[in-house]
Amino acid sequence: MTDIRTPDDDLSDRLTHPRYPRSNGYDARWVVDNQMGPNALWLLEWLAPALGLDALRPCARVLDLGCGRAMTSIFLAREFHAQVTAADLWVGPDDNARRIAEAGFADRVQPVHTEAHDLPFAEGGFDAIVSVDAYQYFGTADLYLPTLARLLKPGGRIGVVVPALREEPTGAEPPEHLRPWWEPDFWCFHTADWWRRHWTRSGAVEVETADWLEDGWKDWLLWCEVVAEESPEEFHRTMARRVGEMVRADEGRALGFVRVVGRRK
């Protein structure tokens, strides 16, 4: 019998990753079509053990801050049986509600349209807060974490994954080899030590984890190559090609990902 393969079979093979077995269970085409940056499911799966998501009680309340197209929110509901508030500024709640319902989790994931500095939630209302590839855009401010952490129950955890640097630049210029691609937004990329110090100084949490994803740049490059070829949106194809060029030129010398987890005191 002839083995009849489809382009989506090939896509699934390319994105099957031994480090992310949970993510391998999601339709690769769906993940590509709904991405808005680095592979959010891979990054969330890396974050989960440090955050202790497996230890959360069923129906634990989780705020997914900067959820994009709610893939991470669906992942939290499916993999950890969480009750998720999917908060985002750029993607409307009606759009996310449709995607969430199609995935079968309308009873567990509530989409909300809100900005990170205007969160309409009660103090102590969440068991955990998660943010994947979003926190760097608002969380570098000195006073932000104490405001956010008040939404956690005492002992609750916040965990983020952000694009990062191995070393902090010492001056006002980016690493020389990244200069052709460097944009002002990239100054929100910091090291694991920078994030640990930043969160510790806030006094809002006890930092339990702040570490670097080994060979994370290889995952980032693979993902960029796939999105550049397969995304249905020209904007994302163009961005993936540009970021992929930068990550390929860097080869892990400067760029990667950091996860940070803190427990509310």
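Fair warning: this is a prediction, and the values are worked out from it, not measured in the lab.
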*Asks:* Nearest 0.5 Å please: distance from the OG1 atom of T16 over to the CG atom of L11.
*Replies:* 9.0 Å
*Asks:* Given V132 and W46, is the side-chain contact (heavy atoms from CB on, under 4.5 Å) satisfied, shown in steps?
*Replies:* CA-CA 11 Å; V132 176; W46 177 53; over 6 Å; no
*Asks:* Determine, stepwise, if the pair R259 / D211 fulfils side-chain contact (heavy atoms from CB on, under 4.5 Å).
*Replies:* CA-CA 6 Å; R259 66 180 172 185; D211 60 1; 2.8 Å; yes
*Asks:* Are L178 and L255 side-chain neighbours, meaning at least one heavy-atom pair lies under 4.5 Å?
*Replies:* yes
*Asks:* Decide yes or no for L65 and I158: does some side-chain heavy atom of the first lie under 4.5 Å from some side-chain heavy atom of the second?
*Replies:* no
*Asks:* Could you check if a side-chain atom of R237 sits within less than 4.5 angstrom of a side-chain atom of V227, using non-hydrogen atoms only?
*Replies:* no
*Asks:* Return yes if some donor-acceptor pair links the side-chain N/O of D250 with the main-chain N/O of M246 below 3.5 Å, else return no.
*Replies:* no
*Asks:* List the atom of F126, the atom of V62, and the distance in Å for their closest heavy-atom pair.
*Replies:* CD2-C, 3.8 Å
*Asks:* Shared ILVMFWY cluster between L152 and V112, side chains joined below 4.5 angstrom?
*Replies:* yes
*Asks:* Are any non-hydrogen side-chain atoms of T72 and V130 less than 4.5 angstrom apart?
*Replies:* no
*Asks:* Using 0.5 Å steps for rounding, measure from the CZ atom of F75 to the CG atom of L44.
*Replies:* 5.0 Å
*Asks:* Linking I/L/V/M/F/W/Y whenever their side-chain heavy atoms sit closer than 4.5 Å, directly or via other members, would L213 and V260 fall into one cluster?
*Replies:* no
*Asks:* Under a 4.5 Å side-chain heavy-atom rule over Ile, Leu, Val, Met, Phe, Trp and Tyr, are L89 and V91 clustered together?
*Replies:* no
*Asks:* Can you check whether V162 reaches F189 side chain to side chain, under 4.5 Å on heavy atoms?
*Replies:* no
*Asks:* Distance from W220 atom CH2 to E225 atom CD, nearest 0.5 Å?
*Replies:* 13.5 Å
*Asks:* In terms of hydrophobic clusters joined by side-chain contacts under 4.5 Å, are L148 and V258 together?
*Replies:* yes
*Asks:* Going by an N to O cut-off under 4.0 Å, is there a salt bridge joining K265 and E206?
*Replies:* no
*Asks:* Under 3.5 Å, is there a donor-acceptor pair between the side chain of D133 and the main chain of P163?
*Replies:* no
*Asks:* Could you tell me whether a side-chain N or O of E233 sits under 3.5 Å from a main-chain N or O of F235, the two making a donor and an acceptor?
*Replies:* no
*Asks:* Show, in sequence, the C-alpha distance, side-chain angles and deciding distance for Y20 and N39, and conclude whether the side chain to side chain donor-acceptor pair (under 3.5 Å) test is met.
*Replies:* CA-CA 11 Å; Y20 309 113; N39 191 313; over 6 Å; no
*Asks:* Salt-bridge test for E176 and R179: reply yes if a basic N is under 4.0 Å from a carboxylate O, no otherwise.
*Replies:* yes
*Asks:* Compare every heavy atom of G244 with every heavy atom of L221, then report the nearest pair and how far apart it is.
*Replies:* CD1-O, 3.5 Å
*Asks:* Could you tell me whether R19 and E45 have a side-chain N and a carboxylate O separated by less than 4.0 Å?
*Replies:* no
*Asks:* Is any side-chain heavy atom of L76 closer than 4.5 Å to a side-chain heavy atom of F105?
*Replies:* no
*Asks:* Atom CG of L56 and atom CD of Q83: how far apart are they, to the nearest 0.5 Å?
*Replies:* 12.5 Å
*Asks:* May I ask you to say whether R61 pairs ionically with D127, meaning some side-chain N is under 4.0 Å from a carboxylate O?
*Replies:* no
*Asks:* Is Y144 reaching over with its side chain to a backbone N or O of A116, donor-acceptor style, under 3.5 angstrom?
*Replies:* yes
*Asks:* Taking T140 for the side chain and C188 for the main chain, is one N or O donor matched with an acceptor at less than 3.5 Å?
*Replies:* no
*Asks:* Can you name the nearest heavy-atom pair linking D219 to W42, along with the distance?
*Replies:* O-CZ3, 3.6 Å
*Asks:* Give, for atom SG of C59 and atom CZ of R108, the distance between the pair rounded to the nearest 0.5 Å.
*Replies:* 7.0 Å
*Asks:* Which Ile, Leu, Val, Met, Phe, Trp or Tyr residues join L143 in one cluster when any pair of side-chain heavy atoms under 4.5 Å counts as a link?
*Replies:* none
*Asks:* Quick one: closest heavy-atom pair of G124 and K153, and the distance?
*Replies:* O-CG, 3.0 Å
*Asks:* Please list all pairs passing the side chain to side chain donor-acceptor pair (under 3.5 Å) test where one or both residues lie in residues 183-204, with sequence neighbours left out.
*Replies:* E168-H190
*Asks:* Minimum heavy-atom separation for R263 to G155, with atom names?
*Replies:* CG-O, 3.3 Å
*Asks:* Can you tell me if D215 uses its side chain to pair, donor with acceptor, with the backbone of K218 under 3.5 Å?
*Replies:* no
*Asks:* Should R253 and W217 count as side-chain neighbours, where that means a heavy-atom distance under 4.5 Å?
*Replies:* no
*Asks:* Within the supplied structure, the quantity of interest is the number of heavy atoms (other residues, nucleotides, ligands) at a distance under 6.0 Å from M36 CE; does it exceed 12?
*Replies:* yes
*Asks:* Show, in sequence, the C-alpha distance, side-chain angles and deciding distance for Q35 and W223, and conclude whether the side-chain contact (heavy atoms from CB on, under 4.5 Å) test is met.
*Replies:* CA-CA 10 Å; Q35 62 80 37; W223 181 245; 3.4 Å; yes
*Asks:* Answer yes or no: is there a side-chain heavy-atom contact under 4.5 Å between Y135 and V161?
*Replies:* no
*Asks:* Find out if a path of hydrophobic residues (ILVMFWY) with successive side-chain heavy-atom gaps under 4.5 Å connects L43 to I129.
*Replies:* no
*Asks:* Can we say R22 and E79 salt-bridge, meaning some charged N sits less than 4.0 Å from an Asp/Glu carboxylate O?
*Replies:* yes
*Asks:* Rounded to the nearest 0.5 Å, how far does SG of C67 lie from CG of N96?
*Replies:* 5.0 Å
*Asks:* Return each pair, listed once, that meets salt bridge (Lys or Arg N to Asp or Glu O under 4.0 Å) where at least one residue sits in residues 90-104; pairs must be two or more places apart or across chains.
*Replies:* D95-R98, D95-R99, R98-E102
*Asks:* Using every non-hydrogen atom in the two residues, find where A254 and W212 come nearest and quote the distance to one decimal.
*Replies:* O-CH2, 3.7 Å
*Asks:* Side chain of R69, backbone of D33: donor and acceptor closer than 3.5 Å?
*Replies:* yes
